[in-house]
*Asks:* 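Dumping the structure here so I can ask a few things about it.
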There are 2 protein chains.
Amino acid sequence: MEFGNGTGNGTGNCGIRNGNGIGNGNGNGNVNGNEKVKGANVIKMKPMDSELLREQGHIMVDFIADYYRDLQDSPQDFPVLSQVQPGYLRDMLPNSAPDQPESLNELLDDVTKKIMPGITHWQSPSYFAYYASSTSVAGFLGEMLNAGLSVVGFTWQTSPAATELEIIVLDWLAKLLQLPDHFLSTGHGGGVIQGTGCEAVLVVVLAARDRILKQVGKTVLPQLVVYASDQTHSSFRKACLIGGIHEENIRLLKTDSSTNYGLLPESLEEAISHDIAKGFMPFFICATVGTTSSAAVDPLVPLGKIAKKYGIWMHVDAAYAGNACICPEYRKFIDGVENADSFNMNAHKWLFANQTCSPLWVKDRYALIDALKTNPEYLEYKVKVSERDVVVNYKDWQISLSRRFRSLKLWMVLRLYGSENLRNFIREHVNLAKQFEDYVTQDPHFEVVTTRYFSLVCFRLVPVDGDEDKCNQRNRELLAAINSTGKIFISHTALSGQFILRFAVGAPLTEEKHVTEAWEIIQKHASKFTRNGNC
Amino acid sequence: MEFGNGTGNGTGNCGIRNGNGIGNGNGNGNVNGNEKVKGANVIKMKPMDSELLREQGHIMVDFIADYYRDLQDSPQDFPVLSQVQPGYLRDMLPNSAPDQPESLNELLDDVTKKIMPGITHWQSPSYFAYYASSTSVAGFLGEMLNAGLSVVGFTWQTSPAATELEIIVLDWLAKLLQLPDHFLSTGHGGGVIQGTGCEAVLVVVLAARDRILKQVGKTVLPQLVVYASDQTHSSFRKACLIGGIHEENIRLLKTDSSTNYGLLPESLEEAISHDIAKGFMPFFICATVGTTSSAAVDPLVPLGKIAKKYGIWMHVDAAYAGNACICPEYRKFIDGVENADSFNMNAHKWLFANQTCSPLWVKDRYALIDALKTNPEYLEYKVKVSERDVVVNYKDWQISLSRRFRSLKLWMVLRLYGSENLRNFIREHVNLAKQFEDYVTQDPHFEVVTTRYFSLVCFRLVPVDGDEDKCNQRNRELLAAINSTGKIFISHTALSGQFILRFAVGAPLTEEKHVTEAWEIIQKHASKFTRNGNC
């Protein structure tokens with residue numbers, strides 16, 4: 001383990017650090033601030049000691065800063081996709097927890113030697129799989145401060161700042177996204193930070209379900225029908241099943257390349273008419289802006305009109321691409337959001353907010369609260385009537401009672417970068433994706449298979465003599481070969497029965513050279529299929 | 001803002017720090033590692049820079065260490081219950097996010113001046129409300145490392161260490177709790193870290209629901225019935241409603257002081273027989289060990305026998321008190337857990353694991369997976385058949401797809417303290433509660449209203465001349481008076497129509513003197529009711 005010296009050179013740096021040791025390795029090094037019980041076999045500790053936190057916190061900062069430095073400087077030590085075999089860790093660790101304390105030194109040594117090999121490095125500059133879960137210095141600092149204050153803001157009273165900052169910051173973000181006014185806290189709507197897009201879609205399905213069941217009676221549950229494209233995230237189907245919606249009433253409408261895998265409004269209206277004629281009750285449509293599979297975009301304007309016509313709750317899942325909509329040039333992709341009942345994006349995906357941070361806005365907060373409120377006596381807090389509209393109790397906007405102070409890091413990300421830098425980060429990633437797309441386009445052995453809107457490129461080795469089965473197999477083999485190098489990590493999807501490779505830019509350290517290197521690796525491993533002119 | 005010097009004196013300390021500045025306050029101080037674009041109006045930054053993370057991470061460590069130091073040394077600066085008025089923050093912050101970056105200096109200044117007044121200090125040594133959400137140095141370091149690695153372990157492949165460490169550490173904890181073997185990963189069961197007890201009870205309600213619906217057909221949903229005591233956490237009712245269980249089929253059976261608010265097995269069996277006779281289908285019982293209201297304990301042995309007899313899923317919610325069961329002397333409270341189908345505790349409540357960390361064990365992991373699995377193509381990962389039992393994909397054990405690497409901090413807490421220290425932390429808290437109980441018992445104006453098992457004391461001013469209404473009002477006034485001092489924070493509940501004060505020990509900094517001071521404050525404010533001999 002090496003600990004670098006602090007190199008801050010801003011005005012007012014953080015001081016000189018000689019952090020060259022973290023304990024003597026015999027289990028006693030880091031238990032200062034605690035009392036060694038004479039004659040006893042236990043080194044008596046306290047759970048919290050500010051000076052121990054200071055000492056060990058500094059060690060951990062260096063450990064993490066070194067990690068990010070080494071991810072860049074020594075990539076060969078960090079296979080992007082972990083190459084361990086299932087069960088690898090079991091034999092490396094004891095069968096039970098230790099009775100006696102161990103030192104931080106020992107622990108970090110185990111992190112380096114035993115945990116690191118089993119890490120798939122999502123923050124590596126050569127991570128191009130799924131969608132990135134981007135952190136940042138500000139996001140990391142926000143997590144630290146959150147963990148440091150460690151408050152539980154389930155009701156306003158249990159930390160007014162946690163509730164009020166969330167309201168304010170989600171208004172800020174709504175303005176950056178140019179969301180309609182009814183999503184702001186000043187109207188009947190408002191924002192709330194969920195853990196994930198999965199939680200977000202679940203709570204709005206429940207809100208919409210309970211709204212209709214309240215109107216027409218709960219016996220109609222088996223008639224309730226929901227709609228989405230077949231490209232919609234699996235969490236939508238899961239949310240419906242959790243809420244008791246019958247599986248056969250989940251209509252995942254077919255899409256194809258003719259709409260670049262966006263949902264055809266005509267398909268939706270036809271399905272709705274058909275269902276109504278058969279006595280079903282349509283109540284929910286989940287539209288996606290930037291699907292997980294291929295970043296497809298459902299057309300919100302026509303879908304919203306249909307939703308309005310039939311009185312259906314329209315949710316917009318913009319988990320990934322919603323982040324790009326803080327840039328004016330991408331805002332068009334959510335045109336039509338003014339007819340949505342709810343809108344969600346994952347700020348931990350592409351707004352550098354560190355997991356988890358999934359802002360959700362609803363048009364009618366009371367629909368959410370009606371579905372999710374609890375009022376146990378032990379949480380009761382009397383507020384004056386005049387304050388009733390001001391006091392938000394976020395426990396009634398989500399599944400769990402407890403909640404972390406997540407708005408803190410979003411506030412820090414927005415302030416420590418400013419919206420112009422955040423836009424630039426996103427544009428930079430899109431430019432890198434565009435560069436990769438150019439590489440693919442210029443190589444006749446490959447093809448880009450969907451129109452690229454954001455930072456995801458869907459591509460594949462082209463079929464030879466129209467043999468799609470063989471082509472799928474070769475792309476599958478190519479993917480496995482690339483990822484087994486540990487040098488880059490990309491993932492795949494299926495579109496219209498084709499096995500497709502996905503190259504998603506979004507990790508915070510990625511630069512042009514990493515994209516170029518990635519393409520070289522892909523080309524190199526493709527050569528066994530292409531050198532004879534075959535795919 | 002002051003930054004203390006590092007004072008680590010263990011073998012190998014973290015070096016001397018002269019951290020006396022964090023920027024020059026004009027917005028440029030902390031953007032080193034980034035490029036100032038000449039002539040442009042934006043200070044161009046990168047989202048991740050290891051040396052900026054190092055510099056600012058050290059500053060944040062000092063900020064947080066200072067916070068814990070000052071919480072102890074200058075309690076007058078930190079009212080435990082925030083004393084701000086609703087809406088206080090709105091006017092202190094701008095209406096929109098800044099375009100340009102601000103400095104960490106400015107931000108931390110705002111944290112101190114604007115956020116801190118709105119914080120209810122859950123980590124204050126004088127916090128005695130609800131149940132504590134205890135952090136620790138190890139828990140904090142675990143959160144840091146989690147945020148630093150920032151991996152998303154939804155499937156095994158996406159970070160094998162995240163999945164495998166969770167399996168191993170939950171086996172460790174299961175052994176400390178002496179849970180039956182079928183909860184271990186080596187059998188058909190296993191553990192998984194949920195965010196909260198609310199998520200835990202939701203996923204097991206869904207697992208049990210889908211198991212029975214699969215057997216008898218989903219049309220029986222309106223006949224499904226669940227049971228729990230009227231003391232059960234509100235999240236149980238919420239979970240049932242989310243799952244589509246009819247509200248009138250949620251049987252919250254009455255308890256009273258004769259069983260210290262534990263569920264009477266006879267009540268359960270009577271209710272089940274009654275329901276079966278009427279054509280309902282009992283399928284779930286939620287038993288609690290350590291209720292949120294008064295730390296009541298439901299008797300698991302007889303309840304488990306009834307559950308077994310009728311083929312009902314029994315869940316044990318031991319969110320708070322389950323932590324104490326790592327001590328042999330408290331293990332008796334979960335005797336009978338061998339007949340439970342699932343068991344849950346919140347390690348962020350009283351095992352010093354920082355939010356959020358809620359281990360859940362199930363007897364049959366396939367019941368959970370059957371209810372919650374998803375298999376989108378884009379997450380597909382082929383494993384060899386021989387490995388199938390080894391590869392756990394935790395996405396299928398929880399609501400959300402994404403998940404943080406929470407086992408890391410639990411592992412760090414267990415190793416950096418060792419189980420003996422953790423037991424001592426819990427025992428120390430129980431001893432402090434006992435001390436408070438003694439104070440109450442010795443004062444004729446007060447009474448302890450339930451038998452204390454753990455670190456919660458339920459008490460009140462006694463009624464005078466049997467006037468319960470007046471007594472309730474006085475206790476309510478006393479609570480408001482105490483909490484408005486900002487010196488301590490206690491909460492309340494209702495038991496059999498009585499307004500009860502709750503004194504819960506569990507914050508990591510609490511020592512004997514804080515309990516003594518708390519009692520003095522309570523007595524002082526009670527004197528206006530007691531000085532004439534009246535309650």
Side-chain angles (χ1 to χ4, degrees), chain A residues 8 10-12 14-15 17-19 21 24 29 32 42 47-48 50-51 53-55 57-58 61 64-65 68-69 86-87 89 97 100-102 115 118 120 135-137 143 147-148 150 159-161 164 172 196 198 234 244 352 374 376-378 387 390 400 402 414-415 418 420 493-494 508, chain B residues 7-8 10-12 14-15 17-19 21 24 29 32 42 47-48 50 53-55 57-58 61 64-65 68-69 86-87 89 97 100-102 115 118 120 135-137 143 147-148 150 159-161 164 172 196 198 234 244 352 374 376-378 387 390 400 402 414-415 418 420 493-494 508:
Chain A
T11 309
C14 70
R17 294 178 45 74
N18 303 308
N24 59 7
N32 78 322
V42 183
M48 177 53 72
S50 62
E51 299 318 306
L53 183 145
R54 193 187 307 275
E55 178 197 335
H58 287 308
V61 165
I64 294 165
Y68 282 98
R69 181 196 63 199
L89 192 58
Q100 305 300 326
E102 298 177 13
I115 301 297
T120 291
T135 186
S136 62
V137 175
E143 279 291 314
S150 215
S159 264
E164 298 201 9
W172 284 12
T196 61
C198 305
S234 57
F352 308 90
T374 57
E377 172 66 26
Y378 48 78
E387 292 165 356
V390 180
S400 287
S402 289
L414 292 170
R415 288 188 62 180
E420 274 308 316
T493 191
Chain B
T7 57
T11 309
C14 72
R17 294 178 46 75
N18 304 307
N24 60 7
N32 76 324
V42 183
M48 178 52 72
S50 62
L53 183 146
R54 194 186 307 275
E55 178 197 336
H58 286 308
V61 165
I64 293 165
Y68 281 99
R69 181 197 62 201
L89 192 58
Q100 304 301 325
E102 299 177 14
I115 301 297
T120 292
T135 187
S136 63
V137 175
E143 278 291 314
S150 216
S159 265
E164 298 201 9
W172 284 12
T196 60
C198 306
S234 58
F352 308 91
T374 57
E377 174 67 26
Y378 48 77
E387 293 164 355
V390 180
S400 287
S402 289
L414 291 170
R415 289 188 62 179
E420 274 309 315
T493 191

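Because only heavy atoms are used, hydrogens play no part in the values below, and waters and symmetry mates are left out as well, while side chains stay in. The model shown is predicted, which means the values in this text are computed figures rather than measured ones.
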*Asks:* Work out which heavy atom in B:I115 is nearest to a heavy atom in A:A161; give both atom names and the distance.
*Replies:*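 Looks like O-CB, 3.6 Å.
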*Asks:* Do you know the tightest heavy-atom contact between A:Y68 and B:G148?
*Replies:*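 Closest heavy-atom pair between A:Y68 and B:G148: OH-O, 2.5 Å.
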*Asks:* Quick check: closest heavy atoms across B:F352 and A:P47, and the distance to 0.1 Å?
*Replies:*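 Smallest interatomic distance, heavy atoms only, reads CD2-CB, 3.6 Å.
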*Asks:* Between A:S50 and B:A65, which heavy-atom pair has the shortest distance, and what is it?
*Replies:*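 Distance-wise, the nearest heavy atoms are CB-O, 3.4 Å.
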*Asks:* With no hydrogens and no angle check, is any side-chain donor or acceptor of A:E377 less than 3.5 Å from a backbone partner on B:T493?
*Replies:*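 It does not hold such a pair.
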*Asks:* Residues in side chain to side chain donor-acceptor pair (under 3.5 Å) with A:T120, at least two apart?
*Replies:*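 If we apply the side chain to side chain donor-acceptor pair (under 3.5 Å) test to A:T120, skipping adjacent residues, there are no hits.
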*Asks:* Treating B:E143 as the side-chain partner and A:A147 as the backbone partner, does any N or O pair qualify as donor plus acceptor under 3.5 Å?
*Replies:*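 Such a contact is absent between B:E143 side chain and A:A147 backbone.
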*Asks:* Do you know which of B:S234, B:A494, B:G244 has the most heavy-atom pairs under 4.5 Å to chain A?
*Replies:*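 Of B:S234, B:A494, B:G244, B:S234 has the most heavy-atom pairs under 4.5 Å with chain A.
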*Asks:* What residues form a side chain to side chain donor-acceptor pair (under 3.5 Å) with A:S136, not counting sequence neighbours?
*Replies:*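 A:S136 satisfies side chain to side chain donor-acceptor pair (under 3.5 Å) with no other residue.
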*Asks:* Please rank B:G57, B:S150, B:P376, B:C198 by heavy-atom pairs under 4.5 Å with chain A and give me the top one.
*Replies:*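 So the answer, after comparing B:G57, B:S150, B:P376, B:C198, is B:S150.
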*Asks:* Among B:T374, B:L53, B:L414, which residue has the highest count of heavy-atom pairs closer than 4.5 Å to chain A?
*Replies:*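 Most pairs with chain A among the choices: B:L53.
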*Asks:* Apply the side-chain contact (heavy atoms from CB on, under 4.5 Å) test between B:V137 and each candidate in A:E51, A:E55, A:R54, A:M48; give the one that qualifies.
*Replies:*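 Looking at A:E51, A:E55, A:R54, A:M48, the match for B:V137 under the side-chain contact (heavy atoms from CB on, under 4.5 Å) is A:M48.
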